[in-house]
Every structure is written in C-alpha cells, then in structure tokens.
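Encoded as structure tokens, the structure appears first; notes follow it.
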Amino acid sequence: MKAVIQRVSRARLTIEGRVHAEIGKGLLILLGVTHEDTQSEGDYLAKKCGEVRIFTDSQDKMNLSAHDVDGGMLVVSNFTLYADCHKGRRPAFVEAARPEQAEPLYEYFVERLKYWSNVPVETGVFGADMKIELVNDGPVTLVMDTAEMMK
C-alpha cells in the first residue's frame, strides 16, 4: 500500500458538485492498493498514518499527531499512486489492485485508521469521480510505502 499524506488546514471532497466529505485541520490521505497487499499492510500503514506526528508543538517542532491537535482525516482511494511511467507517454496501472481486491482493503484501512488515530475519519467513495480542494499546511507532504517500510 502507498499513502500520500498531506497536512491540511482544510480539505473538501465533492462528488457531482455536492460536498461529500469535509475536514478542517488534519490529514488528507490518498491511498493506493497493489495486488500484493493484504490486511497486514493495511494494519501497518493505518497505525503509521494514525500516529504520525507532523503538527507543530509550542517549540515549532513537528511533534503532535492529528489526535493531539483535535484534527480530522480524509481518506481517498487513489489507484494512480501505482502508475508506471517508465515507457511512453501514457501511464500503465498494472501494479494497482483490481477493484474487487482494492475496495475491501481500502475499507479495512479506514476502519483500522479510525482505531489508531482516534479522530473523526471521513472518506471519499471508492471508484467515484471526486474533486478535492485542500489547503496544504506547510506544505507538509509525506509518502509512505509498505513495500519499503515493511522490509
């Protein structure tokens, strides 16, 4: 699994022009699932994302989690995180899991994230055409990849 985590001061997700999910201060997490992923990767990544300390404390050090700052999280499925751009001009998505495998793992990740983060967690709609507006705070953006982190 791959996650792109952005510290935001706000984020809003719309589907067909209607607001579906919205958070204030918190984390926007774009989540990609590959065909090799299992619940083990979901557990590991949810714990990492849920506890990551990227909000600043009174000493201006990134030392606080979303829970510590009464933040929220917005998780959006994003198969394009597994794009292969090595050849040609059109990305290939052969490393992205098929929807029948990816959706249950996405949902599992969200449930585990709720447990580990102990903050409100909003979601997009798997497979929907979504529009996301966000204000990246910092900017602070992290990439977590279980293939590298769980070696």
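In this chain, residues are counted from 1 in sequence order. Side chains are part of it too, since the values below use all heavy atoms of this structure and drop only hydrogens, waters and symmetry mates.
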side-chain contact (heavy atoms from CB on, under 4.5 Å) partners of V94, counting only residues at least two apart: none
All ring-ring contact (aromatic ring centres under 6.0 Å, His included) counterparts of Y106, not counting sequence neighbours: F126
If hydrophobic clusters are built by linking Ile, Leu, Val, Met, Phe, Trp and Tyr wherever their side-chain heavy atoms come under 4.5 Å apart, do M62 and V69 end up in the same one? yes
Closest contact, heavy atoms only, T56 versus L64: O-CD1, 3.3 Å
Check the hydrophobic clustering (I, L, V, M, F, W, Y; side-chain heavy atoms under 4.5 Å; chains of links allowed) and say if M150 and V33 are grouped together. yes
Just wondering, do P91 and D84 contact through their side chains at under 4.5 Å, heavy atoms? no
Would you say T14's side chain and G17's backbone share a donor-acceptor pair under 3.5 angstrom? no
Identify, with sequence neighbours excluded, every residue that meets side chain to side chain donor-acceptor pair (under 3.5 Å) alongside E95. H35
side-chain contact (heavy atoms from CB on, under 4.5 Å) involving Y108 - partner list, sequence neighbours excluded: Q39, D43, R112
Taking side-chain contact (heavy atoms from CB on, under 4.5 Å) as the definition, give me every residue that meets it alongside M149, ordered by chain and number, with sequence neighbours left out. Y44, K48, M144
Enter the distance from D137:CG to R10:CZ here, rounded to the nearest 0.5 Å. 11.5 Å
Just wondering, do F109 and L31 contact through their side chains at under 4.5 Å, heavy atoms? yes
With F79, which residues qualify under ring-ring contact (aromatic ring centres under 6.0 Å, His included), at least two apart? F93
The complete set of ring-ring contact (aromatic ring centres under 6.0 Å, His included) pairs with one or both residues in residues 127-151, sequence neighbours excluded, reads none
Going from CG on L105 to OG1 on T38, what distance comes out if it is rounded to the nearest 0.5 angstrom? 7.0 Å
Taking side chain to side chain donor-acceptor pair (under 3.5 Å) as the definition, give me every residue that meets it alongside D145, ordered by chain and number, with sequence neighbours left out. none
Test of understanding: clusters of I, L, V, M, F, W, Y form through side-chain heavy atoms closer than 4.5 Å, transitively. Do V140 and V52 belong to the same one? yes
Side-chain heavy atoms under 4.5 Å apart, restricted to Ile/Leu/Val/Met/Phe/Trp/Tyr: what other residues fall into the cluster of L81, or is it alone? V4, V8, L13, I15, I23, L28, L30, L74, V76, V125, M130, I132, L134, V143
Looking at every heavy atom in both P104 and P99, which two are closest together, and how far apart are they? CD-O, 4.0 Å
Less than 4.0 angstrom from a charged side-chain N to a carboxylate O is my criterion; do E100 and R98 meet it? yes
Step-by-step side-chain contact (heavy atoms from CB on, under 4.5 Å) determination, T34 to M1: CA-CA 6 Å; T34 188; M1 283 184 177; over 6 Å; no
Give me the atom names and distance for the closest heavy-atom approach of D57 to Q59. OD1-N, 2.8 Å
side-chain contact (heavy atoms from CB on, under 4.5 Å) involving E22 - partner list, sequence neighbours excluded: R12, V19
Closest non-hydrogen atom pair between V121 and S117, with its separation: CG2-OG, 3.9 Å
Is the shortest heavy-atom distance from the side chain of K47 to the side chain of E51 under 4.5 Å? yes
Start with the C-alpha gap between I54 and L142, add the side-chain angles, then the distance that decides, and say whether side-chain contact (heavy atoms from CB on, under 4.5 Å) holds. CA-CA 9 Å; I54 59 174; L142 305 176; 3.6 Å; yes
Side-chain contact test, heavy atoms from C-beta onward, threshold under 4.5 Å: evaluate it for V110 versus K114 and give yes or no. yes
Write out all pairs satisfying ring-ring contact (aromatic ring centres under 6.0 Å, His included) with one or both partners inside residues 1-32, taking only residues at least two apart or from two chains. none
dist H67:NE2 -> N118:CG (nearest 0.5 Å) comes out at 4.0 Å
With sequence neighbours left out, the residues meeting side chain to side chain donor-acceptor pair (under 3.5 Å) with S40 are none
Heavy-atom distance under 4.5 Å between the side chains of V75 and E122, does that happen here? no
Begin with the C-alpha distance, continue with both residues' side-chain angles, and end with the deciding distance and a verdict on side-chain contact (heavy atoms from CB on, under 4.5 Å) for I5 and C49. CA-CA 8 Å; I5 300 122; C49 291; 3.8 Å; yes
